[in-house]
Novice: 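Take this structure first; my questions come after.
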Amino acid sequence: MTGKTRFSPPDLLRLGDRIAVLPVIHGSGQFSQTVRRWMLEQDFDCVAVPLPASFQEPVESAILDLPHPSIVIQTPSPKFPSFGESYDPEASVSDDDETIDLDDDPASYVPIDPCQPVIMAIRAAMGEHIARAYVDLETDPFQPFSSLMPDPFAVRQVSAERFAAAVLPSLPRPADRQTRARILHMASRLAELEERFERILYVTNVMHWPWVREAYTEWFSRDAASRNELPDSPERPQHDEVQTPVRYSIDPRTLMFLFGELPYITGLYERARRELDNDEDVQIDGVKELLIAARQSYRDELKQFARRITPLHLSKCLQYIRNLSLMSRRMTPDLITIVNAAKQIMGDQYALHVAQLANQYAYAELPLADQTDEPISEVRLGIDQVRLPDGEVLSMVNRLPGPPFSWRTLELKRNPSNPEKHRWKYQWNPHSQCSYPPEDERIENFRTRVFDRAKAIIGNDLARTEKFTTSVKDGIDIRDTLRHWYDKDIYVKVIPPSRGTLDACVMLFDSPSDPRDYPWRTTWFAEHKDESTLAFYATNFGEEMVGPGIGLARYGGALFLYPPVWIPEIWTDPRLDYAETLEERLIAAACLHSRGRQIAMLSTLPPGGGWRRLARRHRKTLVHVPLNSFSDEQVQQLRMVHVLNGREVRSYAEEFIRRV
């Protein structure tokens, strides 16, 4: 037993007793699944597709190499002067007419896309050894007939006949002569196939099927023949003389312009097909998998300096994608929506990984050769354009047109190429460097918050409680009041005024620090009264150039002295040579140059005995502020320091500095 049911298509999608019509939206993975499901559930002996017979050999040859994608292109026939018409070579380049286009007629092509419903029908028919019929008219040039359609994801919840009935009132009647001729020809070819086969599946564009049905019913069905209406039938359209279609491979970087779905999502469909997994929800779950894969790629590039992307971040991003899709009146997101949401939630760097990964197709690099085992030439695609192997650029139209493409703008700071990085590094002037003012402002604001947190901790350590008499002082102490409830007395909190001031702050972002990871150690002085004197150790900015005269480093630890004072370079000061580690040298410098008795220290763990003894050596006290009391996302951004090769670089630095 095969498990297939008898031939029983819905009445709406039936032509006569032997033909089932499946209207599809081209370039849709959901409709590809519908085609496959129909062919698995019902028994057909012929599959008719809306392509001319000239495409059969190259298309089926290309389908045999799936999942590797390719394209079949049919160029327009060359135009020659008619008999008796003289040819004037200067007329085509006359200065009086600047609008002459030497390539008026575009080429037509068939995308060998695993998510194309027509390609899926041919692929399944070849696998089941079912006859294939290419019933479209040979036309030169080809004129597509398409329009905006509802989101095809709706067919996930409703049947194909309900979807077709819902869009039927909005389908326009074909206005151009070629489309009407094609519809008439396909209706006549279906009538011919009806004489040879018992169970025919006709997969066609949802915009064509009502008019093919109308032409078949009025002129070519058996009922029309019994009414003797065939003698009055319209004249059969004739085929045009056409060029032989040629098959090409695709540059993997331009697969976005070939596939109906995102290349990454198309790869997930193929993976599910190979591994026999359930692919009903690939289009939605694939977006989640894309974001998770981009997170891993993002972590692999930035390693420990990558922003922490939690499941909560991904949940917010998916919710944002859903809202943007609904605002665009779509049920599934497009690429610009996904990348824009990733940028807004997780920053430019992560959004770049999402955009790059979305354009990657897992099976693009498989070997591809024709029947003579010769490599197939590769072409590069654009929106309705192709660059042939000889460099010629042609305009093209799709014979299986899906949703229309359009250019949209999204600003992302791109990653520089390796040649650019080497050139910028070579042009660096070692005698001039300065900071990036927006980052200075952020880190100074953070230093103020650390100071405030340390002052609060100092006040809490000196606080005491006493019985309430005439004043509540600094507030009621609930803990001591409950502890002495049997006395029926109220206890209040007394916080004495802080003694001295905080003027030094040590921030240890990575402790213990490996000196090999942080080779750049320097001291920067304030440019104005609102900045601190800053001494720090960081990664080598010369190894990560992000723009001309712009390098990126990441703090390992830093010392802030505010109000700013002039100090000797702490990394060469012989008075601090007793310090053995990078952290100890920062703490020793803070104790040496601080005028207050307390020093705020921001670190993951409290200072150990060795660091406290070092502070007591200078009669100072370390006030620990936990690093985890601040947002991890904020800390990761504050650790980034862009080094500019002179103040003049500040005028254009914003164009190259991106938010991680």
Side-chain angles (χ1 to χ4, degrees), residues 297-307 347-350 352-353 412-444 507-527 531-560 567-573 581-583 585-586 589 635-660:
S297 174
Y298 169 72
R299 288 175 175 174
D300 292 342
E301 179 183 351
L302 298 182
K303 298 181 173 60
Q304 72 270 25
F305 302 113
R307 176 188 297 184
D348 282 25
Q349 188 76 351
Y350 176 75
L352 273 173
H353 284 268
L412 290 175
K413 303 292 192 305
R414 69 176 181 87
N415 289 325
S417 62
N418 288 330
E420 288 177 325
K421 291 181 179 180
H422 290 307
R423 185 174 71 253
W424 296 335
K425 185 177 180 180
Y426 177 78
Q427 296 173 346
W428 186 273
N429 178 10
H431 302 292
S432 178
Q433 63 178 234
C434 64
S435 60
Y436 182 51
E439 290 178 351
D440 295 341
E441 184 178 353
R442 286 196 294 267
I443 197 74
E444 291 295 338
M507 299 183 185
L508 302 179
F509 300 107
D510 184 13
S511 181
S513 299
D514 189 341
R516 294 169 297 183
D517 294 335
Y518 302 101
W520 183 39
R521 301 151 197 172
T522 189
T523 300
W524 279 353
F525 297 98
E527 295 185 49
E531 286 188 349
S532 306
T533 299
L534 174 62
F536 60 90
Y537 57 91
T539 59
N540 185 5
F541 65 87
E543 299 299 326
E544 192 168 351
M545 305 299 294
V546 299
I550 306 173
L552 174 63
R554 291 174 175 85
Y555 291 118
L559 162 64
F560 295 83
I567 62 173
E569 171 63 70
I570 71 167
W571 304 104
T572 58
D573 191 342
T581 64
L582 298 176
E583 297 95 328
R585 199 170 190 99
L586 283 182
V635 171
Q636 291 297 332
Q637 288 196 20
L638 290 171
R639 291 188 64 181
M640 295 176 56
V641 51
H642 287 88
V643 186
L644 310 185
N645 199 197
R647 295 189 178 183
E648 64 277 3
V649 181
R650 291 175 174 174
S651 61
Y652 62 83
E654 185 180 3
E655 301 297 326
F656 295 90
I657 294 177
R658 58 183 177 271
R659 184 168 62 94
V660 175

Novice: Just how far is it from atom OH of Y555 to atom CG of L638, taken to the nearest 0.5 Å?
Specialist: 9.0 Å
Novice: Distance-only, no hydrogens or angles: does the Q433 side chain make a donor-acceptor pair with backbone N or O of V643 under 3.5 Å?
Specialist: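 Not confirmed, Q433 side chain does not pair with V643 backbone.
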Novice: Has the side chain of W424 got a donor or acceptor atom that lies under 3.5 Å from a matching backbone atom of G549?
Specialist: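 No.
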Novice: For the side chain of R521 and the backbone of A535, is there at least one donor-acceptor N/O pair under 3.5 Å apart?
Specialist: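 Checking the backbone N and O of A535 against the side chain of R521, no donor-acceptor pair under 3.5 Å is found.
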Novice: Any side-chain to backbone donor/acceptor pair from E439 onto H642? Under 3.5 Å, distance only.
Specialist: yes
Novice: Who are the side chain to side chain contact (heavy atoms under 4.5 Å, CB included) partners of E655, not counting sequence neighbours?
Specialist: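 Once residues adjacent in sequence are excluded, E655 has no partner under the side chain to side chain contact (heavy atoms under 4.5 Å, CB included) criterion.
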Novice: Tell me, with the steps shown, if L559 and F536 meet side-chain contact (heavy atoms from CB on, under 4.5 Å).
Specialist: CA-CA 6 Å; L559 162 64; F536 60 90; over 6 Å; no
Novice: For the pair K425 and E543, evaluate side-chain contact (heavy atoms from CB on, under 4.5 Å) and give the outcome as yes or no after the intermediate values.
Specialist: CA-CA 8 Å; K425 185 177 180 180; E543 299 299 326; 3.2 Å; yes
Novice: Does Q636 offer a backbone N or O that forms a donor-acceptor pair with the side chain of R307 under 3.5 Å?
Specialist: no
Novice: Sub-3.5 Å donor-acceptor pair from the side chain of E444 to the main-chain atoms of S532, do we have one?
Specialist: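 Flag set: sc E444 to bb S532 pair under 3.5 Å.
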Novice: Within this structure, what is the OG1-OH distance for the pair T581 and Y537, rounded to the nearest 0.5 Å?
Specialist: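 Between atom OG1 of T581 and atom OH of Y537 there are 7.5 Å.
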Novice: Only counting residues at least two apart or in another chain, list the ones meeting side chain to side chain contact (heavy atoms under 4.5 Å, CB included) with A553.
Specialist: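 Here the qualifying residues are W520, A538, T539, F541, V641.
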Novice: Strictly distance-based, threshold 3.5 Å: is any side-chain N or O of N645 a donor or acceptor partner for the main-chain N or O of N429?
Specialist: yes
